[in-house]
Q: 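Attaching a single structure in structure tokens format; questions to follow.
First listed ligand is number 1; within each ligand, the first listed atom is number 1.
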Amino acid sequence: MIINGPNLNLLGVRQPEIYGGRTFEDYLQELRRRLPEVEIEYYQSNVEGELINKLHEVGFGYDGIVLNAGGYSHTSVAIHDAIASITTPVVEVHISNIYAREEYRRHSMLSDVCKGVICGMGLEGYRFAVESYL
Ligand code: CA2
């Protein structure tokens, strides 16, 4: 299960110099083509509680969750607690290198309860995360 958080629905539309010029749906098509043996589901929400509901919904039965919680990664105790409370492992992904950006992006509230973290590898970071479950 790939879960994207706030503003990631704008990928390919705004700020291509930071996040690239491709929509996530376009990348997802390629990902599914490249990994035909993996059943990849996708969910995006701009709403913190909806992300938490989705983590609860899939967090006890799926093989893995790949989560880019967007800006909530830096602020959300509630998403941290949701990840800590489920049994499916979560890999945290960031498209950009959060450590090379503003100070407020250099800490994630989520990393300590995740299986691993991938950042700064562009959209390909999602593939690396999915492949980590194979
Ligand atoms: O690098 C990442 O993947 C981030 O999680 C993206 C978040 C940002 O708040 C994190 O610090 C790092 C923001 C996503 C915003 O995405 C946009 C995409 C296109 C246009 C505008 C925003």
Q: Among protein heavy atoms, which sits nearest to atom 2 (C) of ligand 1, and what does the distance come to when rounded to 0.1 Å?
A: Ile95 N, 3.3 Å

Q: Looking at Thr88 and Tyr62, what are the two nearest heavy atoms and their distance?
A: OG1-O, 3.0 Å

Q: How about Tyr126 and Asn4: does a side-chain donor come under 3.5 Å of a side-chain acceptor?
A: yes

Q: Does the salt bridge (Lys or Arg N to Asp or Glu O under 4.0 Å) test come out yes or no for Arg34 and Glu124, once each step is laid out?
A: CA-CA 12 Å; Arg34 285 183 72 153; Glu124 281 294 74; 3.6 Å; yes

Q: Starting from atom 9 (O) of ligand 1, locate the nearest protein heavy atom and write down its residue, its atom name and how far away it is, to 0.1 Å.
A: Arg105 NH1, 2.9 Å

Q: Do Glu30 and Leu123 have side chains that get closer than 4.5 Å, going by heavy atoms?
A: no

Q: What protein heavy atom sits nearest atom 21 (C) of ligand 1, and how far off is it?
A: Gln15 OE1, 3.3 Å

Q: To the nearest 0.5 Å, tell me how far Asn7 CG sits from Gln44 CD.
A: 8.5 Å

Q: Looking at atom 18 (C) of ligand 1, what's its closest protein heavy atom, distance included?
A: Tyr19 CD1, 3.5 Å

Q: Starting from atom 16 (O) of ligand 1, what is the nearest protein heavy atom, named by residue and atom, and what distance separates them?
A: Asn7 O, 3.5 Å

Q: To the nearest 0.1 Å, how far is atom 1 (O) of ligand 1 from its closest protein heavy atom, and which atom is that?
A: Ser96 OG, 2.5 Å

Q: Grab the two heavy atoms, one from Arg32 and one from Ile40, that are nearest each other, plus how far apart they are.
A: NH2-O, 2.6 Å

Q: Among protein heavy atoms, which lies nearest atom 11 (O) of ligand 1, and at what distance?
A: His74 NE2, 2.7 Å

Q: Is there a donor-acceptor contact under 3.5 Å linking the side chains of Ser108 and Glu92?
A: yes

Q: Side chain or backbone of His94 under 4.0 Å from ligand 1, or both, or neither, by non-hydrogen atoms?
A: both

Q: Tell me which protein heavy atom sits closest to atom 19 (C) of ligand 1, plus the residue, atom name and distance to 0.1 Å.
A: Arg14 O, 3.1 Å

Q: What part of Asn68, side chain, backbone, both or neither, has a heavy atom within less than 4.0 angstrom of ligand 1?
A: side chain

